[in-house]
Structure formats: C-alpha cells, structure tokens
> 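Can you read through this structure? Questions will come right after.
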Amino acid sequence: MINVGIIGAGFIGRNHFNQYEKLTDQAKVVAICDPVESRRLGDWTGVGGNVADAQGTKRDLHGAKPYADWKQLLADPQVQMVDVCVPTYLHAEMSIAALKAGKHVLCEKPMALTVEQCDEVLKVAAGSPGKFMIAQCIRFWPECVFVKERIKDQRYGSIKAINLRRQASTPGYSLDNWLLDPSLSGGAILDLHVHDVDYVVFMLGKPQAVTAQASTRPGTNSYDRVHSLWHYPSGPVVQIEGFWDMPDGYGFNMGITVLFEKAAIVWDLCTGKPMTVFANGKQPEVPQMGPNDGYFNEIEYFLTCIAGNRSPAVSTPRESRDAVMIALAEKQSATTGKTVPIA
Ligand SMILES: NC(=O)c1ccc[n+]([C@@H]2O[C@H](COP(=O)([O-])OP(=O)(O)OC[C@H]3O[C@@H](n4cnc5c(N)ncnc54)[C@H](O)[C@@H]3O)[C@@H](O)[C@H]2O)c1
C-alpha cells in the first residue's frame, strides 16, 4: 500500500483522487493540500474542467489530512508519494522539493515552463531515491496505445502520415484564470499541445526539425493556436494542431488520423464514434479498447513501478523534458518564421 499526498485539489487533483479511489488495493490518499480551504476539505462543487468529468461535487476525503501549506505535506512522514497537481509554474519547485524529501513523485504535465527548469528537475531526480514520472496521460490512453502498437508491429505496413488535433474552447475554469496567463501556464502550446508533442515523441522519437505557425489571442502575446509540421529525414509526414480558440460551447476534441501503407486509423473523441481502422479491401473495423482511460492507467502504472522498485519506462523524465524542449522550439519557429532544428 502506498500512501499518497495530493498537492492541488483543482480540476486534475480531483480527477487523480477519483483514480486512487479505484485503486484502493494499491494506494491510499492520506493528505491533500490546497490553499483554498473548501478544496482541501473536499467541496469540489466549484472546481470545473474542460474534459471528461467536467463538474466537481462534494466529496468525502476519508480523513485525508488537509494541508494549506505544501511544505507541511512534504514534512509528513506518512506521505510516501506526492502527486503534484498544481499550476505549471510550480511544477519544478515542488517536484524538486518532494524528491529531496525522499518521496516518490508523480507530477502533472508539462514538466516545467523552461528547459533549464526541466534539467534541474532531471538532475535532482537522478540523485534521489524516489521514483519520478510526469503524468503524460496520452501515452496511457487506450486508443493512443493501440496506434503506438500498430506502428511497432507494422501490421498495416509502414507509416506514411500522422495528423493529430487537440481542439478546445478557451478554458475558463482554472482558479483565477491562471491558465490564460502564459507566464504561469506556457499558453496553449505548453499546456494543451504538449500532450501531442509528447505522444509523437512516444511514437516516433524526436524529429530532426520543426516548423510551426501560431496565432495569438487578440490583444495579447499569448499563443492560443498552433499548427506544426515535424520533419523526419525518411519518416512519415507529421502535422499537429492545438487549438484553444474554438467557439464557446464547443468543448473539447482530441483527434488522430494515422495513414499506413495498407490502412488508416481514425478517431475524433468529439464525434462519440469509436476509433476505427479502415483497411484496403476490408470492412471498417472497430478495435476493442481496455476499460480504463489514460488517467487511471498512468497512475496504476506509476504505483506498480514504485511497488516493483522499477523506474518508469513507458514515460521517462528525459522524454517529458524533450517534449517541453520541442514545444518551445515550435514556439520559436512560430515567432521567427523559421524551421528550428531539434538537437
Ligand atoms: N493531464 C491532463 O489531461 C490535464 C488536464 C488538466 C490540467 N492538467 C495539468 O494539471 C495542472 C493543474 O491544472 P488544473 O486544471 O487542475 O488547475 P486548477 O486551477 O483547476 O487547479 C489548480 C489547483 O492548485 C491549487 N494550488 C495553487 N497553488 C498552490 C500551492 N502553492 N499549493 C497547493 N495548491 C495550490 C489551486 O488552489 C487549485 O485548486 C496543470 O499543470 C495542468 O497543465 C493536466
């Protein structure tokens, strides 16, 4: 049994709490920290979100100790694993402090706002006894895992093209709207689009270069939309789009089109239709998916790594750092109008 302390009881903190409630044979939430009293006490009626499970409710936290100050949660010897679910500008500082306190650390994506901060986290993680993983839930999403497996086993031949889309109305749910301040969240490129950046790294490794165009929110220098082309010397054409400026009421979509020599795999969450494989000469086929989503799967995986004394291999801290680096290279490309090489 692993005792967990969650820092940040907002949208994703309550989502993670819900996953631990399904994993009671492996983990117990023993502490929750949030400066907002109602949130640390489980009144999540005012906690919104823009993906599944969008509206919070009142929850019984089963006596998890409420902390207003995250440093006090780190000092609690009962807490073995810390789940960092706070705004992005706090990720590096809290991950470093928790690792130095000897805890296992799961931290929400993106790892940090800058490559320098990521490198600092990597350095501390390498010298700490605790396991460390960034919660890149897309690597654990059943549909995304299915595509990754088909690339690996080449059942449909080699891969020709990838188009990924992540499209949302401008998020208005975050506490004091921190998400809309790029100095706190990194804007749409680091907050939303980084999911797909990391997913392409998962599927294909790092590209040789990226070229991007992006659009800023009117009256601000905050990027709200990005269109990116990744260059692989002899690999597939990769296009990725991230929108934070869909009309109000649109909600959220993640979409995947992957074209192989002999088939295409297509999925758009917003249509409500399942992922479908269109193979030449065959009826369209709907592959069977596992019962759980990526949030559950990533947490279960991390708990299994801790229990088995293994460093997470499905999502490594180095790759999460590379995702930040590539997302920032896209931003640089959008700003300069030039293709940016990736080291
Ligand atoms: N994986 C995903 O699909 C996904 C989805 C949403 C958000 N996220 C990530 O999760 C993180 C949090 O986003 P959110 O949507 O939950 O935001 P949110 O605004 O809903 O919640 C953030 C919470 O952190 C708390 N907080 C702020 N400062 C704190 C501090 N010093 N100590 C303790 N708690 C503090 C706030 O009071 C708030 O309750 C972000 O990094 C975001 O990128 C990931």
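These figures come from a predicted structure and were not determined experimentally. Start at 1 and go down the list; that is how both ligands and their atoms are numbered.
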> Is the closest side-chain donor-acceptor distance between D76 and Q72 under 3.5 Å?
no
> Please could you name the atoms of ligand 1 that H195 approaches to less than 4.0 Å, counting only its heavy atoms?
1 (N), 2 (C), 3 (O)
> Walk me through it: do D153 and R155 pass the test salt bridge (Lys or Arg N to Asp or Glu O under 4.0 Å)?
CA-CA 5 Å; D153 68 17; R155 183 183 299 176; 3.8 Å; yes
> Side chains of R165 and T257: do they bring a donor and an acceptor to under 3.5 Å?
yes
> Taking the six-membered ring for Trp, are F202 and Y199 parallel (under 30°), tilted (30 to 60°) or perpendicular (over 60°)?
tilted
> Tell me whether P87 has any N or O atom under 3.5 angstrom from an N or O of ligand 1.
no
> Would you compute the distance between atom CH2 of W244 and atom CZ of R225 and round it to the nearest 0.5 angstrom?
14.0 Å
> Between V105 and F302, which heavy-atom pair has the shortest distance, and what is it?
O-CZ, 3.3 Å
> Which of the listed options, I6, L73, D176, D34, holds the heavy atom that is closest to atom 37 (O) of ligand 1?
D34
> Determine, considering heavy atoms only, which of C137, P35, G10 sits nearest to atom 33 (C) of ligand 1.
P35
> Check each atom of ligand 1 against the heavy atoms of Y173 and keep those under 4.0 Å away; list them by number with element.
6 (C), 15 (O), 20 (O)
> On the 0 to 90° scale, with breaks at 30° and 60°, tag the F243-H227 ring pair as parallel, tilted or perpendicular.
perpendicular
> What about R39: any of its N or O atoms under 3.5 Å from an N or O on ligand 1?
yes
> Could you check W141, F140, Y301 and say which one makes a ring-ring contact (aromatic ring centres under 6.0 Å, His included) with Y295?
W141
> Heavy-atom distances under 4.0 Å decide this one: backbone, side chain, both or neither, for H91 against ligand 1?
side chain
> Apply salt bridge (Lys or Arg N to Asp or Glu O under 4.0 Å) to residues E21 and R59 and explain how you reach the verdict.
CA-CA 11 Å; E21 286 226 296; R59 302 302 300 274; 2.5 Å; yes
> Under 4.0 Å, heavy-atom basis, I'd like to know which part of M94 is in contact with ligand 1: side chain, backbone, both or neither.
side chain
> Using a 3.5 Å cut-off on N or O atoms only, is S174 in polar contact with ligand 1?
no
> Is the closest N or O pair between Y295 and ligand 1 shorter than 3.5 Å?
yes
> So, applying side chain to side chain contact (heavy atoms under 4.5 Å, CB included) with L164, which one of Q239, M203, E241 is it?
M203
> Would you mind telling me if ligand 1 is within reach of the side chain of V86, the backbone, both or neither, using heavy atoms under 4.0 Å?
both
> Out of L175, D69, I12, indicate the one that has the non-hydrogen atom closest to atom 16 (O) of ligand 1.
I12
> I'd like the name of whichever of D293, L90, D191 reaches closest to atom 43 (O) of ligand 1 through any heavy atom.
D191
> Walk me through whether R321 and D119 qualify under salt bridge (Lys or Arg N to Asp or Glu O under 4.0 Å).
CA-CA 7 Å; R321 175 259 188 212; D119 286 340; 2.9 Å; yes
> Which is it for A9 and ligand 1 at heavy atoms under 4.0 Å: side chain, backbone, both or neither?
backbone
> Under 4.0 angstrom from ligand 1, any heavy atom of V36?
yes
> Using heavy-atom distances only, which candidate in W44, F11, W178 approaches atom 40 (C) of ligand 1 most closely?
W178
> Against heavy atoms of I7, which atoms of ligand 1 measure under 4.0 Å?
33 (C)
